[in-house]
Amino acid sequence: MAISTVNPATGEEVRSFEALTEEEIEEKIQHAADTFGEYRKTSFSERAQMMMRAAEILEEEAEDFGRLMTSEMGKTLAAATAEAQKCARGCRYYAENAERFMADEEVELEGARAYIRYEPLGPILAIMPWNFPFWQVFRHAAPALMAGNVILLKHASNVPQCALAIEDIIHRAGFPEGAFQTLLIGSGQVQAVIDDPRVRAVTLTGSEGAGRSVGAEAGENIKPSVLELGGSDPFIVMPSADLEKAVSTAVTSRTLNNGQSCINAKRIIVHEEIADEFERRFVEKMSSLKVGDPMEKGTDMGPLATAQILEDVDSQVKKSVEAGARVLTGGKPMDGPGNFYPPTVITDIPEDSPAYVEEIFGPVASFFRARDIDDAIRLANDTSFGLGSSAWTNDPAERERFVNEIEAGMVYVNRMTESTPEIPFGGAKNSGYGRELSHFGIHEFTNIKTVWIDESAEGAGTVASE
């Protein structure tokens, strides 16, 4: 894929970049390694001051960054501006909490002083996606930088200007240039970076295929990795739920980020007792959303990020319909320029169709009816993915069953799945491993060092010397 900005609303190329040469990549890796030797010695207060400044820049220029995001990947300007502001909140969270998270942990042992110390690893390769081009980077960068690591960013090839803007923010905030560097490289150049012994770890947010490749390469090099991969999240609604709130939230969740989020509610599973009414309201709200220019106020959904994504979504829906699924609204690309696909609902979905077994990375909701709670849980878990989930019920017994039995990294009850700095984010099964955010996220890329000082031996030595 070319490293270029193509406006997804018009299909026009805005700007393109040449990939770095091997010599340029070598220089950046060495610069990261050299910088780490000094940067790791900075105090938490120094790092916090710089991170707070990054937060200020993000807030002060949020709309400008939002316009950049919208022009590169198509989310609405309002959503993009909010994303920049969310990044500021993430920066502040780690500026305020990193020292506490990284503090030595004392362990009580008779006759000894023992504690756990968290130390930075070194240069980390961050392979990041286009769908949340600022937030995905900052939710890794903020804890990693506060822990004392340095970062090499390989961003998605369709958001190069976002990558360079993030690098500029971090440098303007006062971090040394070698602490955060963008690698404008293609996917074929990634393996060599992972293999480089100066790169000590890798994190990836992306597809299952990319995760398998990166995870295998990291494992071959015995390097830690965190993989946040795809999802086909269930959104379960039971008869005791607040129906109107559940419907509205399901629409919001499925169409968030133009339907291109790993934690979108992709499979809507509704108890048959309320399925007819839920379906009617859900389809009505989905079909009433305004799709159009993402820069304009009042637009609910913009275009898909690339022409290839549009083609993939269209193909998955067509194949599902050919297998027997039924379209309730939407179902085909919109006329005119740009990568526009309407909010879509399909039902009567065969088990061997793409809509049942694959992740659809666009605004397509797969609607299922469940006979009872057992059937709802069966449907929720009948997937190779296990990222997030949302269950809607006001029955305490049902709530506990969903919490205990849904096979996912996250279960939200009567709430839309989301990522926030305070709560760990990550999945199970083919949705990846490791965690981002909260104290778990900062510890993922640290050496968890055991320190044991045998005080009884020191005492015995003193007596003997006397």
Side-chain angles (χ1 to χ4, degrees), residues 230-289 300-301 313 316-317 320-321 324-331 341-351 353-383 385-393 398 402 406-408 410-418:
S232 189
D233 286 11
F235 187 100
I236 305 168
V237 186
M238 300 298 285
S240 65
D242 180 331
L243 192 61
E244 183 58 31
K245 186 176 180 182
V247 169
S248 296
T249 306
V251 172
T252 299
S253 182
R254 188 61 200 99
T255 59
L256 179 74
N257 208 43
N258 305 341
Q260 301 164 120
S261 171
C262 52
I263 54 170
N264 281 136
K266 298 185 177 77
R267 295 178 297 133
I268 314 300
I269 301 168
V270 184
H271 191 287
E272 62 183 10
E273 183 180 316
I274 56 170
D276 287 344
E277 181 63 14
F278 188 101
E279 179 187 287
R280 183 187 66 78
R281 296 191 195 186
F282 183 62
V283 171
E284 183 179 286
K285 286 183 178 291
M286 287 282 281
S287 60
S288 68
L289 294 176
D300 297 307
M301 253 182 50
V313 170
Q316 288 173 300
V317 172
S320 297
V321 171
R326 184 164 53 93
V327 176
L328 300 178
T329 187
Y341 197 90
T344 295
V345 182
I346 57 177
T347 192
D348 298 337
I349 300 163
E351 293 187 4
S353 68
Y356 195 98
V357 299
E358 299 174 6
E359 176 184 29
I360 299 182
F361 216 61
V364 179
S366 299
F367 188 86
F368 298 88
R369 294 165 182 254
R371 294 184 301 276
D372 51 30
I373 189 170
D374 292 325
D375 196 33
I377 293 171
R378 178 191 67 80
L379 284 166
N381 292 336
D382 194 16
T383 174
F385 297 106
L387 188 56
S389 59
S390 181
W392 292 73
T393 176
E398 289 179 346
F402 288 133
I406 291 178
E407 298 167 352
M410 299 169 283
V411 179
Y412 283 60
V413 180
N414 296 333
R415 187 177 179 85
M416 184 175 81
T417 310
E418 62 178 328

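Only a predicted model underlies this, so the values are computations on that prediction, with no experimental measurement involved.
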Q: Keeping the roles fixed (side chain from Asp233, backbone from Arg267), state whether a donor-acceptor pair exists under 3.5 Å.
A: no
(Q) Using side-chain contact (heavy atoms from CB on, under 4.5 Å), reason through Val357 and Thr383 one step at a time and then give a plain yes or no. (A) CA-CA 6 Å; Val357 299; Thr383 174; over 6 Å; no
Q) Roughly how far apart are Cys262 SG and Leu387 CG, rounded to 0.5 Å? A) 5.0 Å
Q.
So that I can tick it off, tell me whether Glu277 and Arg280 are bridged by a salt bridge, with the cut-off set at under 4.0 angstrom between side-chain N and carboxylate O.
A. yes
Q. CZ of Arg415: more than 12 outside heavy atoms within 6.0 angstrom?
A. no
**Q.** Where Ser320 and Ala355 come nearest, the two heavy atoms and their spacing
**A.** OG-N, 3.0 Å
Q. Could you walk me through whether Asp276 and Arg369 pass the salt bridge (Lys or Arg N to Asp or Glu O under 4.0 Å) check?
A. CA-CA 9 Å; Asp276 287 344; Arg369 294 165 182 254; 2.8 Å; yes
**Q.** Check: Gly231 main-chain N/O paired with Lys266 side-chain donor or acceptor under 3.5 Å
**A.** yes
Q: Kindly give the heavy-atom pair with the smallest separation between Phe361 and Val313, and that separation in Å.
A: O-CG2, 3.7 Å
Q) Just how far is it from atom CE of Met301 to atom CZ of Arg254, taken to the nearest 0.5 Å? A) 9.0 Å
Q. Who are the side-chain hydrogen bond (donor to acceptor under 3.5 Å, both in side chains) partners of Glu358, not counting sequence neighbours?
A. Gln316
Q.
Measuring from atom CD of Glu418 to atom CE of Met410, what distance do you get when rounded to the nearest 0.5 angstrom?
A. 10.5 Å
**Q.** Gap separating the CZ atom of Arg281 from the CD atom of Glu244, nearest 0.5 angstrom
**A.** 5.0 Å
Q | Flag, side chain of Asn258 to backbone of Gln260, donor-acceptor distance under 3.5 Å | A | no
Q.
I need the full list of ring-ring contact (aromatic ring centres under 6.0 Å, His included) pairs touching residues 257-277, with sequence neighbours left out, sorted by first then second residue.
A. none
Q: Take Asp372 and Asp375 through the test side-chain contact (heavy atoms from CB on, under 4.5 Å) and record every step on the way to the result.
A: CA-CA 5 Å; Asp372 51 30; Asp375 196 33; 3.5 Å; yes
Q: Go through Ile373 and Thr393 one step at a time and tell me if the side-chain contact (heavy atoms from CB on, under 4.5 Å) criterion holds.
A: CA-CA 11 Å; Ile373 189 170; Thr393 176; over 6 Å; no
Q | Between OG1 on residue Thr347 and CZ on residue Phe368, distance to nearest 0.5 Å | A | 8.0 Å
Q) Donor-acceptor pair, Ser253 side chain versus Thr249 backbone, under 3.5 Å? A) no
Q: Work out which heavy atom in Ala250 is nearest to a heavy atom in Ile268; give both atom names and the distance.
A: CB-CD1, 4.3 Å
(Q) Between Val237 and Ile269, is there a side-chain heavy-atom distance shorter than 4.5 Å? (A) no
Q) Closest heavy-atom contact between Pro350 and Ala325? A) CD-N, 3.7 Å
(Q) Exactly one of Thr344, Val345, Val247, Leu328 should register a side chain to side chain contact (heavy atoms under 4.5 Å, CB included) with Met286. Which one does? (A) Val345
Q: Heavy atoms only: give me the nearest Ser261-Asn264 pair and the separation to one decimal.
A: N-OD1, 2.7 Å
Q. How far does CZ of Phe367 sit from CD of Glu279, to the nearest 0.5 angstrom?
A. 5.0 Å
Q: Can you tell me which residue pairs pass the ring-ring contact (aromatic ring centres under 6.0 Å, His included) test with a partner in residues 233-262, sequence neighbours excluded?
A: Phe235-Trp392
Q: Looking only at non-hydrogen atoms, find the nearest pair between Ser366 and Ile349 and report the distance.
A: CB-CD1, 3.3 Å
**Q.** Between Ser390 and Thr417, a side-chain donor and acceptor under 3.5 Å
**A.** no
